Every structure is written in C-alpha cells, then in structure tokens.
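Below is one structure, written out as structure tokens, with a few remarks after it.
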Amino acid sequence: PLKIAVFASGSGSNFQALVEAIREQAIPATVSLLVCDKPAARVVQRAEALGVPAFLFDPKAYASREAYEEEIVGRLHEEGVELIVLAGYMRLITATLVEPYYGRMINIHPALLPAFPGVRAIRQALEYGVKLAGVTVHFVDGGMDSGPIIAQQAIEVRDDDTEDTLAERVHAVEHELLPRTVRWIAEGRVTLNDRKVTIRPGD
Ligand code: GAR
C-alpha cells in the first residue's frame, strides 16, 4: 500500500475521513503519519483515536521554516512516506519540502481554484457573490494554492447561505473528493505532465 503522511493544523475532519475511507473502501494506501504544527489541535486527538502516529512540532522552536521542514523530511524518509496530503495545513511550504516531493504532494482547498486562494476561501467566495463554490485537490508547487489541478467539484451557493452553512456542504464534498483522489493516485492512475494532470479510467 501507498504510504501517506497527512499534514494538518486544525480540526482534522479531512484527516479522519481519509483514514476511514482507506480502511472501509479498500483503497491501497495507508496513513502512516500525521504531521501537525499545533500540538493542541483536535486532529491530534483524532490521530490517537485512530491509532495513527503523530509527529508534532512547534515552529517557534526552530530558527527558520527550512529548519523544521528539514526535520520533517528526515522523518518522512525514515517512514518511507511516498505521498504527502496537506489537509488544512495552514503553513507555507518551502523548497525544502516541495523539491523532494514535487508530484507526490497534494493539497485540498475549499474553493474552485484559481479563484480564492489563501485563507478563508469560503468567506472570500461568499463575499464575492459567486453562485458556484467548490473544492479543489491539486499538486503542490512553490506557490500559494497554485499547483496542477487533479480534481474539482462545484457546489451551488444558496441565497441564504452563511459561511457556516456553506462550509458544511464544502466539508461533505471534501470528505468524498479527497479519498477518491487518493485512490486514483494509489492505483497509479494519475499522470502529471507539465501542468496537465490526466486520470486513467478505473476498471
Ligand atoms: C478544509 O476545508 C481545507 O480545505 C481547508 O482547511 C479545512 C480543514 O478542515 N484548507 C485550506 O483552507 C488551505 N488553504 P479539517 O481540519 O476539518 O480537515
């Protein structure tokens, strides 16, 4: 099975959905590590409950972003991690991580990229007044939410949506789209060529 490390900073609902989907839907993968920069985050409790080991670190204890990323890369190599999944990891990533893992690191973002990159994407979309919100899963490159897109799903915005009501539907879509994308990758069906991603149909 494909060895995965999930990076998360917050609630970890996507982390849990991915671990459960892998176990229940026979996805040929395993989440072998949680990497978390917020030791008090709820995702840490979820990892414990699910029996997934965690690498916790405090960014303030390091001289630079590169310094803690070097330590993370060392741990990923030790574990033999083949795919990194960023699921609500609220930190910028540098070349220290991107270079060794380009094409093997994906991110889930709660908007239809390239619209609304960065933080609070759901609120940005509501404030803009779009009629279609959505979710994107993409390969991570050096930019902010800018890498090659693997999968997207649109969600209709309702006139009475608030950030909370829309976020609830966004999360429901995320919890399906992320495991589906990981399955495609684990089954070796995803090809990255320049910026273009193609998915070979399943059997
Ligand atoms: C998710 O909605 C994810 O798309 C978003 O953070 C949330 C984490 O939720 N990521 C970003 O905004 C990245 N720019 P979770 O902790 O419950 O999985």
Side-chain angles (χ1 to χ4, degrees), residues 4-24 27 29 31 33-50 52 54-57 59 65 69 72 83-94 97-98 101 105-128 130 132-157 161-182 185:
I4 299 173
V6 175
F7 288 36
S9 307
S11 157
S13 71
N14 278 286
F15 165 80
Q16 181 165 345
L18 179 60
V19 171
E20 289 177 347
I22 284 171
R23 292 176 183 176
E24 287 160 18
I27 295 170
V31 176
L33 191 67
L34 168 72
V35 174
C36 179
D37 59 318
K38 295 251 166 54
R42 174 142 176 237
V43 68
V44 176
Q45 294 155 35
R46 294 192 202 251
E48 213 165 294
L50 291 160
V52 176
F55 176 76
L56 308 178
F57 68 101
R65 214 175 254 146
E69 286 188 352
I72 292 171
L83 177 72
I84 297 174
V85 175
L86 306 183
Y89 181 66
M90 303 313 259
R91 306 201 140 260
L92 292 174
I93 301 267
T94 78
L97 262 168
V98 175
Y101 279 96
M105 172 159 41
I106 65 175
N107 177 49
I108 186 155
H109 184 75
L112 292 175
L113 290 171
F116 313 121
V119 295
R120 305 216 74 159
I122 298 169
R123 188 164 76 179
Q124 288 185 57
L126 271 179
E127 282 175 355
Y128 193 94
V130 295
L132 280 177
V135 175
T136 302
V137 180
H138 64 92
F139 284 112
V140 176
D141 65 9
M144 160 85 98
D145 299 321
S146 62
I149 291 173
I150 309 167
Q152 292 187 300
Q153 192 166 321
I155 299 164
E156 280 185 32
V157 178
D161 262 328
T162 63
E163 195 178 348
D164 283 350
T165 60
L166 182 55
E168 201 177 311
R169 301 204 302 291
V170 166
H171 280 123
V173 167
E174 288 185 326
H175 297 166
E176 303 280 324
L177 194 64
L178 184 60
R180 193 180 312 145
T181 308
V182 166
I185 293 171

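Start at 1 and go down the list; that is how both ligands and their atoms are numbered. Everything numeric in this text was worked out from a predicted model, so none of it was measured.
Interface of S11 with ligand 1, defined as ligand atoms under 4.0 Å from a residue heavy atom, comprises 16 (O), 17 (O). Near I108, with a cut-off below 4.0 Å to any heavy atom, the atoms of ligand 1 are 3 (C), 4 (O), 10 (N). Counting atoms of ligand 1 from 1 in the listed order, those under 4.0 Å from a heavy atom of H109 are 4 (O), 13 (C), 14 (N). When each atom of ligand 1 is checked for a heavy atom of G88 under 4.0 Å away, the hits are 6 (O), 8 (C), 10 (N).
Considering both main-chain and side-chain atoms, G12 comes within under 3.5 Å of ligand 1 through a nitrogen or oxygen pair.
Taken from CZ in R123 to CG in L166, the straight-line distance is 13.0 Å, to the nearest 0.5 Å. Separating the CD1 atom in I4 from the CD1 atom in I106 is a distance of 7.5 Å, to the nearest 0.5 Å. Considering CD1 of I22 and CD1 of I27, their distance stands at 5.5 Å, rounded to 0.5 Å. In this structure, I122 CD1 and I155 CD1 are separated by 8.0 Å, a value rounded to the nearest 0.5 Å.
Regarding atom 12 (O) of ligand 1, its nearest protein heavy-atom neighbour is P110 CD, 3.5 Å. Atom 1 (C) of ligand 1 has E174 OE1, 3.3 Å as its closest protein atom, hydrogens excluded (heavy atom only). The protein non-hydrogen atom at the shortest distance from atom 17 (O) of ligand 1 is S13 OG, 2.6 Å.
Under the 4.0 angstrom criterion for non-hydrogen atoms, Q16 is not in contact with ligand 1. At a 4.0 Å cut-off, at least one heavy atom of G118 sits close enough to ligand 1 to count as contact.
Between T181 and L177 the shortest side-chain heavy-atom distance falls below 4.5 Å.
Salt-bridge check for E156 with R169: failed, with every basic side-chain N at 4.0 Å or more from each acidic carboxylate O.
R46 pairs by the side-chain hydrogen bond (donor to acceptor under 3.5 Å, both in side chains) definition with S11, Q16, not counting sequence neighbours.
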